[in-house]
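Heads up: the structure comes next, in C-alpha cells.
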Amino acid sequence: MSASVRVRFAPSPTGPLHMGGVRTALYNYLFAKKHNGTFILRIEDTDQTRLVGKAESYIKESLEWCGLNVDESPWKEGEYGPYRQSDRKHLYRQYAEQLIKEDKAYYAFDTAEELDAMREKAKKAKMPNWQYNSVTRNSMKNSLTLSEDEVKAKLDNNEPYTIRLKVPRNEEVRFHDEIRGWVVVNSSNIDDKVIFKGDGMPTYHLANIVDDHLMKITHVIRGEEWLPSAPLHVLLYRFLGWEDTMPTFAHLPLILKPDGNGKLSKRDGDRLGFPVFPLQWENEETGEVSMGYREQGYFPEAFINTLAFLGWNPGTNQEIFTLSELVEAFSLERVGKAGAKFDAKKTEWYNQQYLRTKDNKTLAELIEPQLADNKIEIDRDRLYSIIELTKERATFPRDILKEAEFFFEAPSTYDEKTVSKKWKENTPELLNKVIDRFGDTDYSASELEVAFKAILEDESIGFGKLGPQLRVALTGKGMGPSLFQICELLGKEETEARIKRAIEEIG
RNA sequence: GGUCCGUUCGUCUAGGGGUUAGGACACCACCCUUUCACGGUGGAGACACGGGUUCGAUUCCCGUACGGACUACCA
C-alpha cells in the first residue's frame, strides 16, 4: 500500500448507533490500525429533517465505550475538516454545478408530488419500478427538456429544483470489491439519482464522494446495503475526474436477526430480549427506552469480540481476542460474504469469559452501585472474598451479587425441594453438633472441613445427610459455592445464629 | 417486479478437486463436586438441489431453488 491508509466511519445522526454500525466502525478501525493508517469519523447529517439531537453524542460515546479511538472527527479536527457534512455545506454545490456544465448532470424542476404521481401512474400500468432515467427524463421538467431561457427564468425566479446525475445509457460500470470481487452493473439499471436537493444540501451520494475525495479516503468499508449504489458512486468518481484516486470498496455482510430472516433491527432486541445498541437509548419523543450492552452488564471487550467474529474470523481456533490482538489479526480477506445471524448466547459466553479474567477489585467497583442501591455496607476484603467465591458462576457483574445475596442477608425462606428431600427428624440434632464442633475451630474453611468430616465419621453418615441441610440452613438454597468457605466468611456468630433460626423455622 | 449480493452442523465459521469435512456457542451424556457453576472427556449435528468439467466434486462452471440488500429531494 503506497499511500497511507485513511478510512472513515460515516454514520448519520438520525438515532442511536445500531450494533451493525458499531461493527462497521470496528472493521474500519481494525483495518486502519493494522496498516498504521488513520481512522476518521465523519458525521453525515445532510438530511436535516431526520436529525436527532442526541444522536451525535451517542455515536461519540459509543465509540469511546468500545475503545475505538478516532484519529479525526468533529471533536478532533485533522487537516481535512470540517468533519460534519452540514459544516461542509458550502463545498458541495460547485461540484454539482461543474457536472451540469459538463453535461453530466442537470436541473430537475419536478416537484415531489409530480414524481409521486408519476410513480403511481406507472404502477397502475404494471410498471412497479418507475425510474427517473435516460428514457423517462425526456418527458420530465428539467434542463434537458426545457429551453435555456425557461431554465434561466426558473432559476432566477427561485423555483425549487434538484440536480440529477445524467446517467448514461448502456454502459458497463464495474469495480473491484475487496470482499466480493468484481461487481458489474449496466448503467441502464441505474437511475438519474438526485445528487443535490431542493434544500441546498447534497444527497448522501454526492456528499460522500466529494468528502471521501477531499479527505483522501483510501478504502471505503461499509455495509452491504450500499452495494447497489456503489456503481453510481463509481460513475460519480468518473464524472468528477477522480477515478484514478477512487478509494477501494469493501462491502461488509449484514448482521441478520437470530430467528427468521432479514436484517437485525431494533424490534428484534425488544422481542428476543437482548440489546441491539451499545448504550441505552431513550427516544425523546416516545419516551421509549432501548437497552444497551453497557447497561446490561456487558464488557466492551466482549461486545467487540462478538462483533469482530460476526463476518470475520482469524482462520485459527483462537476465539478470545483483545482489541489489539484483533488489530494484529485482522484482514479484509478473511471477511466472509454471507450475512451472519446474531446469536445473543454467544455474546453472553464471551462476557462470562471476560468476567473471569477481571480481578476482584475491578469487579467490586462494577457492583458498587448495586451495593449502594441495596444499602449494603461491606468491608473491602470481605467483599473481595465473596467475589472470589462467586464469580465463577457469573456471566454479568450483577450475577455476583445475586449469587452472594445470602452473605448480606440471612435467608427468609428455605428451598422447598431441599427441605422436603433432605431435612429429616434428626437434622436439628446433627446441626447442633455442627455448632458445637465448629465452635472448637478457628473458623477457617480448612479446619471447618476437618471438623465436619469428623462429625460424619462419628455419626457414620455420608456428606449428603448433613451437607445440603447445613447449606439450606445457612443460605436458604440448595446449591452454591463451597460450604466451608461460606461458613468462614459468615463467621462463627452468624453461622450459629442461622443454624438455630433454621431449626426453629423448619423444625 | 427489476438490479445486485449470497448459500458448509440449530448458530458463528475453518477448509478445499481425493479429508474420518476441523473449531466455537448452544444441546446431550459421563467425570469432578455435598450441590450449582467452573473444568475435563465424549456424543449427536452440515457441504441447498440439478446439470456439466473431471479418473474423482462439497470444492470449478452453468442453471434452479431459497434467502438477503437495494429500488426516496433517507443515509
Side-chain angles (χ1 to χ4, degrees), chain A residues 10-14 44-47 49-50 85 108 110-112 115-116 119 123 126-132 160-164 177 179-181 183-186 188-191 193-199 201-205 207-208 222-231 251 253-254 256 258-263 306 309-320 334 336-350 352 356 390-395 399 403 415 418 422 452 456 462-472 477-483:
Chain A
S12 139
T14 52
E44 308 235 326
D45 57 350
T46 51
D47 185 353
T49 63
R50 293 201 311 156
Q85 289 182 329
D110 320 86
T111 64
L115 258 15
D116 285 345
R119 291 201 178 90
K123 209 173 192 173
K126 287 185 183 159
M127 296 275 295
N129 193 27
W130 183 86
Q131 292 194 316
Y132 208 121
Y161 65 88
T162 62
I163 297 175
R164 285 181 180 271
D177 186 282
I179 293 167
R180 283 147 219 285
V183 176
V184 187
V185 179
N186 188 295
S188 297
N189 292 314
I190 305 173
D191 61 338
K193 279 271 181 316
V194 171
I195 57 172
F196 204 83
K197 299 187 282 187
D199 64 359
M201 281 293 244
T203 59
Y204 168 83
H205 302 295
N208 107 85
R222 78 232 292 197
E224 191 185 341
E225 66 268 29
W226 293 109
L227 198 48
S229 55
H251 290 93
L254 265 11
L256 276 16
D259 61 338
N261 301 302
K263 230 182 355 177
T306 301
F309 272 70
L310 244 33
W312 171 87
N313 77 84
T316 67
N317 284 344
Q318 186 179 348
E319 300 277 337
I320 305 293
R334 298 208 64 87
K337 301 177 208 280
K341 285 187 186 175
F342 176 68
D343 180 6
K345 275 275 186 303
K346 193 139 185 181
T347 317
E348 289 184 9
W349 176 78
Y350 271 117
Q352 185 187 46
R356 295 172 54 186
T390 51
K391 72 175 169 190
E392 271 195 350
R393 34 180 68 68
T395 296
D399 295 341
E403 287 289 336
D415 180 66
T418 309
K422 301 282 185 181
F452 192 82
L456 298 185
F463 210 121
K465 289 271 193 283
L466 192 50
Q469 293 78 347
L470 178 57
R471 175 184 300 284
V472 81
K477 296 180 185 179
M479 59 204 184
S482 159
L483 208 35

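The chains referred to below are lettered A, B, ... by the order of the sequence lines, with proteins before strands, and numbering in each begins at 1. In what follows, every heavy atom counts, from backbone to side chain, and hydrogens, waters and symmetry copies are set aside.
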Exceeds 12 heavy-atom contacts within 6.0 angstrom, atom NZ of K465(A): no
Shortest side-chain distance from P128(A), nucleotide among C12(B), A26(B), G1(B): G1(B)
Pairwise P distance for G16(B) and U11(B), with rounding to whole Å: 23 Å
Minimum-distance nucleotide (side-chain atoms of F463(A) versus A24(B), C4(B), U34(B)): U34(B)
Any side-chain heavy-atom pair of R180(A) and E224(A) under 4.5 Å: yes
Separation of atom CH2 in W349(A) from atom P in G23(B), rounded to whole Å: 14 Å
Atom pair distance, as rounded to whole Å: CZ in R180(A) and P in C4(B): 14 Å
Whole angstrom value for the distance that separates C1' of A37(B) from NZ of K477(A): 12 Å
pair K346(A)-E319(A): side-chain heavy atoms closer than 4.5 Å: yes
Rounded distance in Å between the C1' positions of A24(B) and G15(B): 15 Å
Within-4.5 Å side-chain heavy-atom neighbours: D199(A) and T49(A): no
Student check: side-chain heavy atoms of L483(A) and L470(A) closer than 4.5 Å: yes
E319(A) CD to U11(B) P, straight-line distance once rounded to whole Å: 17 Å
Nearest-Å distance once atom C1' is located in both G18(B) and G1(B): 45 Å
Watson-Crick or G-U wobble partner of C4(B), both distances under 3.5 Å: G68(B)
Check: F463(A) ring centroid to F452(A) ring centroid under 6.0 Å: yes
Over all atoms of both residues, closest heavy-atom pair of P202(A) and T46(A): O-CB, 3.4 Å
Rounded C1' spacing from G6(B) to A48(B) in Å: 13 Å
Residue that, paired with F342(A), satisfies side-chain contact (heavy atoms from CB on, under 4.5 Å) out of L310(A), D259(A), L256(A): L310(A)
Sugar-phosphate or base contact per nucleotide [nucleotides 59-75 of chain B; S, B, -; heavy atom under 4.0 Å]: --------SSSSSSBBB
Mate of C74(B) where both pairing distances stay under 3.5 Å, Watson-Crick or G-U: none
Partner nucleotide, any strand, of A46(B) [Watson-Crick/G-U, under 3.5 Å]: none
side-chain N/O R334(A) vs U13(B) OP1/OP2, d < 4.0 Å: no
C9(B) - base-pair partner by Watson-Crick or wobble geometry, distances under 3.5 Å: none
Partner nucleotide, any strand, of U35(B) [Watson-Crick/G-U, under 3.5 Å]: none
Nearest-nucleotide 5' precedence on RNA chain B, G315(A) against K422(A): G315(A)
Polar side-chain contact R393(A)-C38(B) base: donor and acceptor under 3.5 Å: no
Ring geometry between W226(A) and Y204(A) (parallel below 30°, tilted from 30 to 60°, perpendicular above 60°): parallel
Which nucleotide in G1(B), G39(B), C25(B) has an atom nearest any side-chain atom of R356(A): G39(B)
Atom P, compared across C28(B) and A37(B): separation rounded to whole Å: 11 Å
Rounded interatomic separation in angstrom, taking CD from E403(A) and P from U35(B): 17 Å
Touch class at under 4.0 angstrom, heavy-atom based, for G311(A) against every strand present: sugar-phosphate
Distance in angstrom units between Q318(A) CD and U13(B) P, rounded: 17 Å
Pairwise P distance, A75(B) and A14(B) [rounded to whole Å]: 34 Å
Spacing between K341(A) atom NZ and U8(B) atom C1', to the nearest angstrom: 14 Å
Strand partner of A21(B), provided both Watson-Crick or wobble distances fall under 3.5 Å: none
Watson-Crick/G-U partner (both atom distances under 3.5 Å) of U58(B): none
Spacing of M479(A) atom CE relative to C36(B) atom P, expressed in whole Å: 9 Å
Distance between P atoms of U58(B) and U8(B) (Å, rounded): 15 Å
G43(B) to C9(B) separation - C1' atoms, rounded to the nearest Å: 14 Å
